[in-house]
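Reviewing the structure listed below.
Both ligands and their constituent atoms are indexed starting at 1 by order of listing. What's counted below: heavy atoms across the whole structure, side chains too, no hydrogens, waters or symmetry copies.
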Amino acid sequence: MEYESIAKEKILKKLEDFQKYDYKYSDGRILGSMCTSAHPFAKKIFYKFLDSNLGDPGLFKGTKAIEKEVIKSIGVLLSNENAYGNVVTGGTEANIMAIRAARNFARKHKNIENGEIILPKSAHFSFKKATDLMNLKIIEIELDDNYIMDLSSIEDNISSNTIAIVGIAGTTELGLIDPIEELSKIAIKYNIYLHVDAAFGGFSIPFLKNSGYNLPNFDFSLKGVSSISIDPHKMGLAPIPSGCILFREKEYLDVMAVNSPYLTTKKQSTIVGTRLGASAAATLAIMDYLGFRGYEKIAMELMNNTKFLKENLIKDGYVLTVEPQLNIISFNHPNIDTYDLANELEKKGWYVSISSCPVSIRIVLMKHIKKSHLKEFILDLREINKNY
Ligand code: 0PR
C-alpha cells in the first residue's frame with residue numbers, strides 16, 4: 001500500500017470541497033455557538049507562532065514570556081495581577097486543571113483520596129469529564145427560581161470529603177452568574193477550594209460592570225476564589241484553541257507538577273505536553289490590540305443586540321425563560337413545541353441550539369450576528385408563529 005503524493009492545487013481543491021459543508025459565522029446564521037470568527041490580526045499572529053512549543057519552554061523562552069504576559073493581563077482583568085496559570089486549549093482543559101489542583105491540594109493537606117465536588121446543575125459537562133478522569137464524585141446542587149445555584153442547600157452538602165465548590169460566571173445554557181460572593185464566604189468558612197468557571201463570562205462581565213451594568217462580583221477580589229477559567233476563544237475574539245486557567249496561589253500549580261527530567265524545564269503542571277505557543281501569542285495580540293476599551297465596546301454592542309432581540313420576541317408573543325444577564329437569550333412560544341420550532345428555524349437556515357434546563361431555544365448573541373441578521377430572524381419567527 002502506498003500513500004501517493006498529490007499536487008498542492010488538487011489538495012487545496014479537495015479540502016475546499018470539504019469546507020463547503022461547514023456553516024460560516026459570516027452568514028450570521030449560527031445562533032447557538034459561543035465561538036465566533038477570530039479577529040484577522042489575531043489569526044495572522046497565530047500563524048507566525050505555529051512552530052512554538054510551550055511544552056519545552058527552555059527552547060521557546062520568548063513564547064513562554066508571552067504566556068506569562070497573557071496570564072498577567074487577564075489577572076489584571078480579574079483583579080489579581082499576581083495570579084499564576086497557563087494558556088490552555090479551552091474551558092474543558094482549564095476546568096480539568098482546576099479540579100486536579102483542588103484534588104491534589106486536598107490529598108496533600110487534608111488526606112482526602114477520592115473526594116467530592118459541589119457544583120450547580122447548570123455546570124458545563126466538562127466537569128463530568130474531570131470527575132470521571134479523577135474518580136471524584138459530583139454533588140449536584142439544584143437551581144433556584146432564577147436558574148442560579150440554590151445557596152440554601154450548599155452547606156448541607158459539604159462533607160469531610162468535599163475538595164471543591166464550583167460556581168459559574170456565565171452559564172452555558174442561560175448565561176447567568178451564580179452567587180459567587182456568597183460561595184466565596186462559604187469557601188472561606190469551611191476552608192474549601194472555590195473554582196469559578198468564567199469560560200464564557202470572563203471576557204464580558206468585567207467590561208459590562210465597568211460601564212454600569214449591575215452584575216455580581218465573581219473574580220479574585222473575592223478572597224475565597226481559588227481559581228478561574230476564562231476563554232479567549234469565546235468572547236475574547238482569539239482563534240481556537242485558547243483558554244486560560246488562573247490560580248490565586250502558586251502552590252496549586254506545584255501540587256500538580258510532575259517531573260520532566262530530560263526537558264529544558266524539570267517540572268510540568270499542565271495536562272497537555274506539547275502545547276501551542278500560537279494560542280498565547282494570538283491571545284496577547286488581540287488583547288493588546290483591542291485593549292479593555294475595545295472589549296467594553298463589543299460587550300455593550302452585544303448587550304444592545306440582546307435587548308433588541310428580547311424586545312421583539314416579547315412583542316411577538318414569545319416568552320423568555322429568564323431575564324438575560326449576558327448576551328444569551330432563552331425563549332419558547334406558548335403554543336409551539338421547542339423542538340418543532342427549532343426544526344422550523346433550521347428549514348429557514350437558522351442554526352439555534354436547545355437548552356435542557358428548562359427546554360427552550362437558546363440564542364448566543366456573538367459578534368458575527370449583526371442587527372440585520374436579527375431583523376431577518378425576527379421576520380422568520382413571525383412567519384412561523386403565523387402558521388401555527
Ligand atoms: N465552561 C463553560 C461555562 C462553557 O460554556 C464551556 C463550553 C466550557 C466550559 C468548555 O469550553 P471548551 O468547549 O472550550 O472546552 N461552552 C460551549 C458549549 O458547550 C462550547 C461550544 C462552543 C459549543 C461553540 C458549540 C459551539 O458551536 O455550548
Side-chain angles (χ1 to χ4, degrees), residues 21-38 74 78 86-100 117 119-133 138 143 147-149 164 166-178 180 183 195-205 218-219 227-246 270-272 275-276 279 282-283 324-330 342 346 350-357 360-369:
Y21 291 96
D22 292 349
Y23 301 134
K24 290 201 295 284
Y25 292 117
S26 56
D27 289 342
R29 300 226 153 207
I30 299 180
L31 303 186
S33 171
M34 284 187 163
C35 291
T36 190
S37 192
I74 295 186
L78 300 177
N86 292 101
V87 178
V88 296
T89 53
T92 300
E93 195 185 339
N95 287 339
I96 293 175
M97 274 183 75
I99 298 306
R100 183 164 172 245
I117 66 172
L119 49 69
K121 204 175 167 189
S122 53
H124 186 259
F125 54 78
S126 46
F127 291 102
K128 297 211 168 106
K129 297 181 184 176
T131 49
D132 183 49
L133 280 166
I138 289 183
L143 306 182
Y147 299 103
I148 57 171
M149 195 172 187
V166 175
I168 321 292
T171 56
T172 306
E173 295 201 332
L174 301 174
L176 301 177
I177 305 162
D178 281 327
I180 312 288
L183 293 182
H195 174 62
V196 176
D197 181 357
F200 180 67
F203 265 96
S204 60
I205 301 166
F218 75 103
D219 66 11
S227 57
I228 304 180
S229 302
I230 170 170
D231 276 0
H233 74 198
K234 294 190 168 75
M235 289 292 286
L237 295 184
I240 301 168
S242 183
C244 288
I245 177 69
L246 273 73
T270 49
I271 291 162
V272 172
R275 297 195 290 128
L276 266 172
S279 302
T283 299
Q325 278 187 305
L326 300 176
N327 48 322
I328 296 184
I329 288 192
S330 144
E346 187 160 349
W350 299 103
Y351 307 107
V352 299
S353 53
I354 298 179
S355 289
S356 63
C357 182
S360 55
I361 302 284
R362 163 183 178 262
I363 307 289
V364 190
L365 289 110
M366 297 300 286
K367 199 176 176 330
H368 57 270
I369 306 168

Where ligand 1 meets His233 - atom numbers and elements under 4.0 angstrom, heavy-atom basis: 14 (O)
Modelled atom types, side-chain donor and acceptor of Thr36 and His368, under 3.5 Å: yes
Sub-4.5 Å side-chain heavy-atom contact between Ile230 and Phe203: yes
Atom 21 (C) of ligand 1 within contact range, any protein heavy atom under 4.0 Å: no
Protein contact to atom 10 (C) of ligand 1 [nearest heavy atom, distance to 0.1 Å]: His124 CE1, 3.4 Å
Atom indices of ligand 1 within 4.0 angstrom of Gly170 heavy atoms, with elements: 3 (C)
Polar atom proximity, Thr92 to ligand 1 (N or O, under 3.5 Å): yes
For atom 1 (N) of ligand 1, the protein heavy atom that lies nearest, with its residue and separation: Asp197 OD2, 2.6 Å
Exercise: do Ser330 and Ser355 side chains pair donor with acceptor under 3.5 Å: no
Pairwise side-chain contact, His124 with Ile168, heavy-atom cut-off 4.5 Å (strictly under): no
Subset of ligand 1 atoms that lie under 4.0 Å from at least one heavy atom of Asn95: 1 (N), 9 (C)
Atom 25 (C) of ligand 1: any protein heavy atom closer than 4.0 Å: no
Subset of ligand 1 atoms that lie under 4.0 Å from at least one heavy atom of Asp231: 11 (O), 14 (O)
Heavy-atom nearest neighbour in the protein, as seen from atom 27 (O) of ligand 1, with distance rounded to 0.1 Å: Ser33 OG, 3.1 Å
Check: Ser122 and Leu174 side chains under 4.5 Å, non-hydrogen atoms: no
Contact bool for atom 4 (C) of ligand 1 (protein heavy atom, d < 4.0 Å): yes
Heteroatom proximity flag, Gly91 to ligand 1, N/O under 3.5 Å: yes
Best match, Glu173, Glu93, Lys129, Lys234: closest heavy atom to atom 13 (O) of ligand 1: Lys234
Residues Ser126 and Asn95: side-chain donor-acceptor under 3.5 angstrom: yes
Shortest non-hydrogen contact from Ser279 toward Ser242: O-OG, 3.9 Å
Residues forming a salt bridge (charged side-chain N to carboxylate O under 4.0 Å, His left out) with Asp197, sequence neighbours excluded: none
Min heavy-atom dist Arg362 to ligand 1 below 4.0 Å: yes
Enumerated ligand 1 atoms positioned under 4.0 Å from heavy atoms of Ala199: 1 (N), 2 (C), 9 (C)
Any side-chain donor near an acceptor of the partner, Glu173 and Ser356, under 3.5 Å: yes
Closest to atom 18 (C) of ligand 1 (judged by heavy-atom distance), picking from Thr36, Thr172, Ile240: Thr172
Per-atom contacts, ligand 1 versus Met34 - under 4.0 Å to a heavy atom: 5 (O), 16 (N), 17 (C), 22 (C), 24 (C)
Inter-residue atom distance Gln325.CD - Ile205.CD1, 0.5 Å rounding: 8.0 Å
Distance (rounded to the nearest 0.5 Å) between Ile74 CD1 and Asp219 CG: 13.0 Å
